[in-house]
Amino acid sequence: MKIGVIMGGVSSEREISLQTGKEMAANLDRNKYEVVPIDIQEPSEIIEKVKGIDFALLALHGVFGEDGTVQGVLETLGIPYSGSGVLSSSLCMDKELTKRVVRGEGVPTPEWCVISRGQVHWEEQLRGLAYPLFVKPNTGGSSIGVRRVDNEGELRSALEEAFRWDTSVVVESMVRGQEITCPILDGKLLPILGIEAVESDWFDYSSKYNDGGAEEKPITLPSEVEARVSEAALACYRVLKCSVYARIDMIVKDGVPYVLEVNTLPGMTRNSLLPRSAAAAGISYSELLDRMIQLSLEGRSRGKVVVS
């Protein structure tokens with residue numbers, strides 16, 4: 001089977017995508033697959049570059065990668081691909097929509113508002129939000145363009161930075177508690193990881209991708225808290241129509257899990273959380289890739305990865 005590892009892309013997360021793609025390509029079993037690294041630098045390239053592959057292993061992040069766009073192109077070309085379908089990818093890429101959907105399902109998420117570029121009287125929307133705040137591009141990832149804001153004087157510059165990356169920005173109240181992540185594979189929860197940033201007071205870009213930037217390891221939660229976390233993670237996976245695998249990031253405060261976001265193409269670098277969690281479950285990186293490919297192929301044959 002000829003596997004095209006599609007990486008790079010045009011989003012702010014291009015460099016992380018290249019790291020993910022190279023790690024995936026290095027760990028695919030050469031006895032099973034013919035591996036074709038595909039670096040996308042312009043959206044128009046994809047149709048030509050995927051010709052002849054049997055399966056697209058997606059290592060893309062961000063816009064034109066994780067937002068359903070590439071998935072739609074591959075659907076049109078009849079090429080099976082890894083992970084969630086068009087609708088789920090698009091929903092989960094949009095932090096505002098994700099929060100609205102999961103809150104509608106009864107899953108807690110931090111209080112927030114959304115500000116659009118050029119919007120007037122946006123200050124009124126901040127009523128009820130307590131500092132510290134996090135200011136985030138609505139469709140970004142890898143904490144690029146994200147700032148913690150401790151007072152009103154820091155807010156405007158944080159908004160300006162976030163608007164460099166997106167036309168809408170989520171302003172979210174900080175929840176103080178234990179940061180965790182919940183990877184899911186084939187609808188089943190893998191070991192929950194606790195996250196403690198070492199180089200920063202929150203899990204920012206350097207904490208995520210620098211060696212030693214954070215301590216990320218399996219965590220034991222009280223049984224009743226673990227049950228709530230599992231229920232919230234699986235509810236997000238289900239209501240957002242995720243397929244094959246995903247990663248749900250949360251903060252646990254006073255035993256209550258607050259969902260921050262849902263990642264349909266989580267990072268797969270050597271420092272990434274999904275491979276760490278899989279390893280804790282006894283699943284090697286190579287085996288994880290095998291399962292992602294096979295589950296995606298099975299889901300597509302059942303019609304579940306088409307526009308799920």
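Contact between Ala56 and Ile6 at its shortest, heavy atoms only, is CB-CD1, 3.7 Å. When all heavy atoms are compared, the tightest approach of Ser173 to Pro110 is O-CB, 3.5 Å. Of all non-hydrogen atoms in Gly68 and Ser89, the two that sit nearest each other are N-CB, 3.5 Å. Between Met7 and Pro37, the shortest heavy-atom distance links the atoms CE-CB, 3.9 Å. Nearest approach of Gly21 to Val5, heavy atoms of both residues: O-CG1, 3.6 Å. The two residues Ala25 and Val35 come nearest to each other via the heavy atoms CB-CG1, 4.0 Å.
A side-chain donor-acceptor contact under 3.5 Å links Thr181 and Asp249. Tyr285 and Glu23 share no donor-acceptor pair across their side chains, judged by distance under 3.5 Å alone. Asp166 and Thr139 share a donor-acceptor pair across their side chains, judged by distance under 3.5 Å alone.
At least one donor-acceptor pair closer than 3.5 Å links the side chain of His61 to the backbone N or O of Leu265. In this structure, Ser243 contributes its side chain and Gly83 its backbone to no donor-acceptor pair below 3.5 Å. Side-chain atoms of Thr167 never come within 3.5 Å of backbone atoms of Phe163 as a donor-acceptor pair (strictly under, hydrogens ignored). For Ser116 (side chain) and Ser168 (main-chain N/O), no donor-acceptor pair under 3.5 Å exists by modelled atom type. Asn27 places no side-chain N or O within 3.5 Å of a backbone atom of Ser286 that could act as its donor or acceptor partner. The backbone N or O of Pro275 lies less than 3.5 Å from no partner atom in the side chain of Ser272, so there is not a single donor-acceptor pair. Between the Ser90 side chain and the Leu87 main chain, no donor and acceptor come within less than 3.5 Å of each other. Listed for the Ser277 side chain is no donor-acceptor partner under 3.5 Å among the backbone atoms of Leu273. A donor-acceptor distance shorter than 3.5 angstrom exists from the side chain of Asn151 to the backbone of Gly153, with no hydrogens or angles considered. For the pair Glu154 (side chain) and Asp150 (backbone), a donor-acceptor distance under 3.5 Å is present.
Between Arg127 atom CZ and Cys113 atom SG the span is 12.0 Å, to the nearest 0.5 Å. For the atom pair OG1 of Thr220 and CD1 of Ile192, the computed distance is 9.5 Å after rounding to the nearest 0.5 Å. Between the CG atom of Leu74 and the CG atom of Leu58 there is a distance of 6.0 Å, given to the nearest 0.5 Å. Here the CD-OG1 distance, from Gln19 to Thr269, works out to 6.0 Å after rounding to the nearest 0.5 Å. Rounding to the nearest 0.5 Å places CD of Glu261 at 9.5 Å from CE of Met93. Note that CG of Asn138 and NZ of Lys95 are 6.5 Å apart. Values are rounded to the nearest 0.5 Å.
Within a 6.0 Å sphere centred on CD of Glu105, other residues, nucleotides and ligands contribute more than 12 heavy atoms. For Ile47, the CD1 atom is loosely surrounded, since the number of other residues' heavy atoms within 6.0 Å does not exceed 12.
Considering only heavy atoms from C-beta on, Tyr131 comes within 4.5 Å of Val149 through its side chain. By the 4.5 Å heavy-atom criterion applied to side chains, Ser88 and Gln71 are not counted as neighbours. In this structure, Ile115 and Leu159 have side chains that are in contact, with non-hydrogen atoms separated by less than 4.5 Å. Contact of the Phe64 side chain with the Val70 side chain is registered, since non-hydrogen atoms from C-beta on lie closer than 4.5 Å. Counting only heavy atoms from C-beta outward, the side chains of Thr20 and Leu60 never approach each other to under 4.5 Å. Under the 4.5 Å side-chain criterion, counting only non-hydrogen atoms from C-beta, Met250 is not in contact with Leu260. Here the side chains of Ile219 and Ile195 are not in contact, with every heavy-atom distance at 4.5 Å or above. The shortest distance between side-chain heavy atoms of Val135 and Leu155 falls below 4.5 Å.
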TODO: Applying salt bridge (Lys or Arg N to Asp or Glu O under 4.0 Å), run through Arg164 and Glu160 and close with a yes or a no.
DONE: CA-CA 7 Å; Arg164 288 181 57 209; Glu160 289 174 356; over 6 Å; no
TODO: Determine, stepwise, if the pair Glu34 / Met1 fulfils side chain to side chain contact (heavy atoms under 4.5 Å, CB included).
DONE: CA-CA 6 Å; Glu34 178 184 350; Met1 178 184 292; over 6 Å; no
TODO: Show the numbers, then the answer: is there a side-chain hydrogen bond (donor to acceptor under 3.5 Å, both in side chains) between Glu75 and Tyr81?
DONE: CA-CA 9 Å; Glu75 292 284 354; Tyr81 55 88; 2.6 Å; yes
- [ ] Dump the intermediate steps for salt bridge (Lys or Arg N to Asp or Glu O under 4.0 Å) on Asp186 and Arg291, then the final yes or no.
- [x] CA-CA 9 Å; Asp186 192 23; Arg291 292 179 67 173; 5.6 Å; no
- [ ] Any chance you could lay out the side chain to side chain contact (heavy atoms under 4.5 Å, CB included) test for Met292 and Leu297, step after step, and finish with the verdict?
- [x] CA-CA 9 Å; Met292 286 163 52; Leu297 288 169; over 6 Å; no
Open item on the list: For a side chain to side chain contact (heavy atoms under 4.5 Å, CB included) check, start with the C-alpha distance between Tyr33 and Lys2, then their side-chain angles and the critical distance, and finish with the verdict.
Closed with: CA-CA 6 Å; Tyr33 311 114; Lys2 185 179 287 189; over 6 Å; no
TODO: List the steps, then state whether side chain to side chain contact (heavy atoms under 4.5 Å, CB included) holds for Leu185 with Leu288.
DONE: CA-CA 9 Å; Leu185 180 65; Leu288 176 61; 4.1 Å; yes
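No path of Ile, Leu, Val, Met, Phe, Trp and Tyr side chains, each step under 4.5 Å between heavy atoms, connects Val146 with Ile251, placing them in separate hydrophobic clusters. Put simply, Leu240 and Trp112 are part of two different groups of oily side chains (I, L, V, M, F, W, Y) that touch within less than 4.5 Å, one to the next. Under the 4.5 Å side-chain heavy-atom criterion for grouping Ile, Leu, Val, Met, Phe, Trp and Tyr, Val170 is not connected to Met174 through any hydrophobic cluster. A continuous path of Ile, Leu, Val, Met, Phe, Trp and Tyr side chains, each step under 4.5 Å between heavy atoms, connects Phe55 with Val244, placing both in one hydrophobic cluster. Residues Val259 and Leu189 are members of one and the same hydrophobic cluster, defined by side-chain heavy-atom contacts under 4.5 angstrom among Ile, Leu, Val, Met, Phe, Trp and Tyr.
Residue pairs meeting the salt bridge (Lys or Arg N to Asp or Glu O under 4.0 Å) criterion with at least one partner in residues 106-115, sequence neighbours excluded, are Arg103-Glu111. Residue pairs meeting the salt bridge (Lys or Arg N to Asp or Glu O under 4.0 Å) criterion with at least one member in residues 48-59, sequence neighbours excluded: Glu45-Lys49, Glu48-Lys51.
Remark: Glu42 engages no residue in a salt bridge (Lys or Arg N to Asp or Glu O under 4.0 Å) (not counting sequence neighbours). Residues that satisfy the salt bridge (Lys or Arg N to Asp or Glu O under 4.0 Å) test with Glu66, not counting sequence neighbours, are absent from this structure. Partners of Lys22 under the salt bridge (Lys or Arg N to Asp or Glu O under 4.0 Å) rule, at least two apart in sequence or in another chain, do not exist in this structure.
For the pair Arg176 and Asp254, the salt-bridge criterion is not met [side-chain N within less than 4.0 Å of a carboxylate O].
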Only pairs under 3.5 Å count here: list side-chain donor-acceptor contacts from residues 221-231, not counting sequence neighbours, and write none if there are none.
residue, atom, partner, partner atom, Å
Arg228, NH1, Gly255, O, 2.7

